2 protein chains.
Amino acid sequence: MTSMTIGDAAKASGVPAKMIRYYESIGLIPKAVRNDSGYRYYAITDVHTLRFIRRGRDLGFSIDAIMRLLALWRDHHRASADVKRIALDHAAALRSKIADLEAMLGPIEYLADHCQGDHRSDCPIMDDLADHVARSEHEARETRPRHTKTTQRRGVST
Amino acid sequence: MTSMTIGDAAKASGVPAKMIRYYESIGLIPKAVRNDSGYRYYAITDVHTLRFIRRGRDLGFSIDAIMRLLALWRDHHRASADVKRIALDHAAALRSKIADLEAMLGPIEYLADHCQGDHRSDCPIMDDLADHVARSEHEARETRPRHTKTTQRRGVST
DNA sequence: GCTTGACCTTCCTATTGTAGGAACCTGTAA
DNA sequence: TTACAGGTTCCTACAATAGGAAGGTCAAGC
């Protein structure tokens with residue numbers, strides 16, 4: 001009753017069998033008990049761990065963070081401050097990632113809003129990409145010429 | 001004057017030399033002209049292309065999307081509608097990704113807010129992860145037993 | 001008992017884009 | 001001529017997941 005195959009553990013935990021094997025291989029979970037022919041067998045407590053991992057992954061925690069959270073989970077003498085730090089670090093990373101994506105989204109939405117989107121070739125989106133191309137010429141000129149290795153040489157026609 | 005090494009093209013475009021080689025290897029940019037000893041040489045127009053790519057990457061476009069944008073850039077008979085579609089698809093993907101991250105951030109911030117973060121072990125964050133563990137037991141029971149391969153067998157003590 | 005089909009095993013590959021390093025060759029300034 | 005910066009290719013890693021191939025096993029039904 002308390003032992004099941006990897007497939008059943010997968011169903012019970014929501015973690016694909018493939019991932020369970022992977023988590024074992026990287027040491028996130030201990031090596032499973034095997035029967036004589038090599039099949040892994042899992043107890044309910046193993047499924048609990050997998051569920052914990054799944055929830056952590058759903059919240060976007062890295063495998064590494066989950067490894068630390070699991071250790072704290074098992075440690076009855078843990079300080080909640082340690083758990084909180086992991087969570088706050090992750091929250092900061094999430095906020096940073098969101099900010100990055102929004103910094104991309106802003107210009108794109110603005111440009112797309114101003115694009116006719118018709119049969120003509122005129123397009124502020126292209127203009128933006130090309131603007132940056134044009135800007136590069138200035139920057140290229142401002143690059144200190146050091147020793148201008150820009151002469152034509154054998155095989156290169158320029 | 002119009003020809004430079006990969007390092008100079010990297011400086012002028014903001015695309016690392018390593019990435020320039022990579023972009024060439026996957027066909028994003030054409031194969032560079034080489035001198036007799038195999039050195040790649042780049043013209044200003046190549047740097048323009050690299051700048052275009054860099055801007056596209058900064059806006060979060062995938063390499064594949066940039067490949068299509070480059071083709072449209074070169075096509076003077078392009079329809080701005082095609083450019084716009086690529087941009088709008090990307091905007092949708094960005095918004096979706098932002099929503100995913102916010103769906104993670106919400107619970108984490110809430111839980112962290114309610115965590116004392118002191119020396120005691122009590123922690124709503126852990127409780128959340130464990131809640132989902134508890135929930136798994138119900139779901140496990142609801143899994144149709146089909147042919148309950150949960151009996152003890154050779155080598156498995158349960 | 002035997003067949004069958006679902007399920008298990010390991011191992012390899014791909015994804016996405018970037019980066020590091022090793023081993024070796026080349027260009028150029030001094 | 002000699003350094004040394006900078007070029008070349010090739011291999012590896014990242015992070016987490018997923019697909020497939022080749023082959024062995026379990027359990028049910030006959």
Side-chain angles (χ1 to χ4, degrees), chain A residues 3-11 14-29 31-42 50 53-54 56-67 90 93 97 100 104 145-156, chain B residues 3-11 14-29 31-42 50 53-54 56-67 90 93 97 100 104 143-156:
Chain A
S3 188
M4 64 191 92
T5 63
I6 197 169
D8 289 336
K11 276 174 213 137
V15 177
K18 211 127 202 188
M19 283 299 101
I20 298 177
R21 294 192 195 96
Y22 172 69
Y23 292 156
E24 179 185 308
S25 81
I26 62 172
L28 179 61
I29 55 177
K31 291 186 181 176
V33 169
R34 307 271 192 139
N35 73 0
D36 288 355
S37 36
Y39 279 31
R40 292 172 180 82
Y41 281 88
Y42 296 89
L50 289 170
I53 291 169
R54 176 149 162 50
R57 292 296 299 140
D58 285 349
L59 290 176
F61 285 100
S62 68
I63 298 283
D64 182 72
I66 291 173
M67 210 170 298
H90 180 46
K97 212 171 278 182
D100 288 349
M104 298 171 176
R146 303 194 324 152
H147 47 90
T148 31
K149 55 172 63 170
T150 48
T151 33
Q152 59 197 34
R153 50 172 54 76
R154 40 183 176 139
V156 181
Chain B
S3 188
M4 66 192 90
T5 62
I6 196 169
D8 290 335
K11 276 175 211 136
V15 178
K18 210 128 203 187
M19 282 300 101
I20 298 177
R21 294 195 193 95
Y22 173 68
Y23 292 154
E24 179 184 310
S25 81
I26 62 170
L28 179 61
I29 55 177
K31 291 186 181 179
V33 169
R34 308 271 192 139
N35 74 1
D36 287 355
S37 35
Y39 279 30
R40 291 172 179 82
Y41 283 88
Y42 296 89
L50 289 170
I53 291 169
R54 176 151 162 48
R57 292 295 299 143
D58 286 349
L59 290 177
F61 285 100
S62 67
I63 298 284
D64 182 71
I66 290 173
M67 211 169 299
H90 180 45
K97 212 171 279 181
D100 288 349
M104 297 170 177
T143 302
R144 57 183 178 185
R146 303 192 326 149
H147 46 90
T148 30
K149 56 173 60 169
T150 47
T151 33
Q152 58 196 34
R153 51 169 54 75
R154 37 184 177 141
V156 180

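Throughout, protein chains are lettered first and strands after them, A, B, ... in sequence-line order, and every chain is numbered starting at 1. What you see is a predicted model; the values in this text were computed from it and never measured.
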List the protein contact pattern of nucleotides 18-25 of chain C with one symbol per nucleotide (5' to 3'): B for base contact, S for sugar-phosphate-only contact, - for none; contact means a heavy-atom distance under 4.0 Å. BSBB----

Give the rounded distance in Å between these two atoms: CZ of A:Arg54 and P of D:dA16. 16 Å

Do the side-chain N or O atoms of A:Arg34 get closer than 4.0 angstrom to the phosphate oxygens (OP1, OP2) of D:dG24? no

Ignoring hydrogens, what is the shortest heavy-atom contact between B:Arg54 and B:Val15? Give both atom names and the distance. CB-CG2, 3.8 Å

Within this structure, what is the NZ-to-P distance between A:Lys31 and C:dT9, rounded to whole angstrom? 14 Å

Atom pair CD1/CD1 of A:Ile29 and A:Ile66 - distance to nearest 0.5 Å: 12.0 Å

Rounding to an integer number of Å, can you tell me how far A:Ile26 CD1 sits from D:dT17 C1'? 11 Å

Can a salt bridge be assigned to the pair A:Lys97 and A:Asp100 using a cut-off of 4.0 Å between side-chain N and carboxylate O? no

Taking CD1 from A:Ile6 and P from D:dT25, how many angstroms apart are they, rounded to a whole number? 17 Å

Ignoring backbone atoms, test whether A:Asn35 places a side-chain nitrogen or oxygen under 4.0 Å from the OP1 or OP2 oxygen of D:dC26. yes

At what distance, to the nearest 0.5 angstrom, does CZ of B:Phe61 lie from NE2 of B:His90? 5.0 Å

Within the 4.0 Å heavy-atom criterion, would you say B:Arg21 contacts the bases, only the backbone, or no part of the nucleic acid? base

Rounded to whole Å, please give me the gap between CG in A:Asp8 and P in D:dC26. 15 Å

Determine all donor-acceptor pairs shorter than 3.5 Å in which one atom belongs to a side chain in residues 19-28 of chain B; sequence neighbours excluded.
from    : atom 1 : to      : atom 2 : distance (Å)
B:Glu24 : OE1    : B:Ala32 : N      : 3.2
B:Glu24 : OE1    : B:Arg40 : NE     : 3.1
B:Ser25 : OG     : B:Tyr22 : O      : 2.7

Between A:Thr5 and C:dC7, is there a contact of a side-chain N or O with OP1 or OP2 at under 4.0 Å? no

Hey, are the side chains of A:Arg57 and A:Ile63 touching, using non-hydrogen atoms and a 4.5 Å cut-off? yes

Quickly work out the A:His90 NE2 to D:dA15 C1' distance and round it to whole Å. 14 Å

Considering all heavy atoms of both residues, which atom of A:Ala10 and which atom of A:Pro16 are nearest to each other, and what is their separation? CB-C, 4.1 Å

What's the angle between the local helix axes at either end of the helix from C:dG1-D:dC30 to C:dA30-D:dT1, using five pairs per end and rounding to 10 degrees? 20°

Could you state the atom-to-atom distance from CG of B:Asp36 to P of C:dT26 in whole Å? 11 Å

d(A:Tyr41 OH, A:Ile6 CD1) to nearest 0.5 Å is 11.0 Å

What integer distance in Å separates A:Asp64:CG from D:dA15:C1'? 11 Å

